[in-house]
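Data block below; observations after.
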Amino acid sequence: QVQLVESGGGLVQAGGSLRLSCAASGRTFSNIAMGWFRQAPGKEREFVAAISSRGAILKYADPVKGRFSISRDNARNTVFLQMNSLQPEDTAVYYCAAAPVFGVQDNYYQNWGRGTQVTVSS
């Protein structure tokens with residue numbers, strides 16, 4: 001089991017930036033892939049970004065390519081999501097998740113955080 005706690009969400013104006021963090025505990029962090037997902041009101045949860053266990057492989061959803069960047073610090077058991085050029089359509093609850101293997105589908109992910117709200121005003 002992996003316990004995950006997100007932080008860093010908040011209210012930002014369009015064009016602004018936020019950096020989300022996700023602290024992990026309970027399992028060797030460097031052996032697990034990590035992902036970020038989001039869910040906007042009235043919409044299904046969607047993939048945002050993923051990073052392999054050692055950080056060599058990255059994957060982004062098309063709507064965030066070039067604006068968001070996922071990274072991890074295995075020494076600190078933390079994964080980050082740097083979000084730049086935020087737009088109102090990025091408003092959602094953002095979740096980090098852990099998976100035994102790298103992937104973009106949410107059914108790969110076995111452990112989930114409680115989420116952090118990101119709100120982008122126009």
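Values below: every heavy atom of this structure, side chains too, minus hydrogens, waters and symmetry copies.
- With hydrophobic clusters built from ILVMFWY side chains whose heavy atoms lie under 4.5 angstrom apart, V5 does not share a cluster with L20.
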- Item | Stepwise side-chain contact (heavy atoms from CB on, under 4.5 Å) test for V120 and E89 | CA-CA 8 Å; V120 185; E89 53 266 34; over 6 Å; no

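- The list of disulfide bond (SG atoms under 2.5 Å apart) pairs with a residue in residues 13-122, not counting sequence neighbours, reads C22-C96.
- The side-chain hydrogen bond (donor to acceptor under 3.5 Å, both in side chains) analysis of residues 36-50, with sequence neighbours excluded, yields the pairs R38-E46, R38-D90, R38-Y94, R45-D106.
- The hydrophobic clustering, which links ILVMFWY residues whose side-chain heavy atoms are closer than 4.5 Å, places M83 and I51 together.
- A donor-acceptor pair is defined here as one N or O able to donate and one able to accept, closer than 3.5 Å; such a pair exists between the side chain of R67 and the backbone of S85.
- Taking a 6.0 Å sphere around CZ of F102, one finds it holds more than 12 heavy atoms contributed by other residues, nucleotides or ligands.
- Closest non-hydrogen pair, V101 versus Y108, comes out as CG2-CD2, 3.8 Å.
- Heavy atoms only, all atoms of each residue included: S122 and A14 are closest at CA-CB, 4.4 Å.
- A single hydrophobic cluster is not seen to contain both L81 and Y95; linkage of ILVMFWY side chains at heavy-atom distances under 4.5 Å, directly or through other members, places them apart.
- Partners of F37 under the ring pair (Phe, Tyr, Trp, His ring centres under 6.0 Å) rule, at least two apart in sequence or in another chain, are F47, Y109, W112.
- The minimum heavy-atom distance linking F68 with V48 is given by the pair CD2-CG1, 3.7 Å.
- Listed by first then second residue, pairs satisfying side-chain hydrogen bond (donor to acceptor under 3.5 Å, both in side chains) with a partner in residues 49-63 read D62-K65, not counting sequence neighbours.
- Remark: A98 pairs with V2, L4, I32, M34, N111 by the side-chain contact (heavy atoms from CB on, under 4.5 Å) rule, at least two apart or across chains.
- Within the structure, side-chain hydrogen bond (donor to acceptor under 3.5 Å, both in side chains) pairs that include any residue of residues 5-25 comprise S17-N84 (at least two apart or interchain).
- Of all non-hydrogen atoms in V93 and G115, the two that sit nearest each other are CG1-CA, 3.8 Å.
- Between G103 and A50, the shortest heavy-atom distance links the atoms O-CB, 3.7 Å.
- With rounding to the nearest 0.5 Å, the separation of CG in L11 from OG1 in T91 is 8.5 Å.
- Following chains of ILVMFWY side-chain contacts shorter than 4.5 Å, one cannot reach I70 starting from I57, and the two form parts of different hydrophobic clusters.
- P100 places a side-chain heavy atom less than 4.5 Å from the side chain of Q110.
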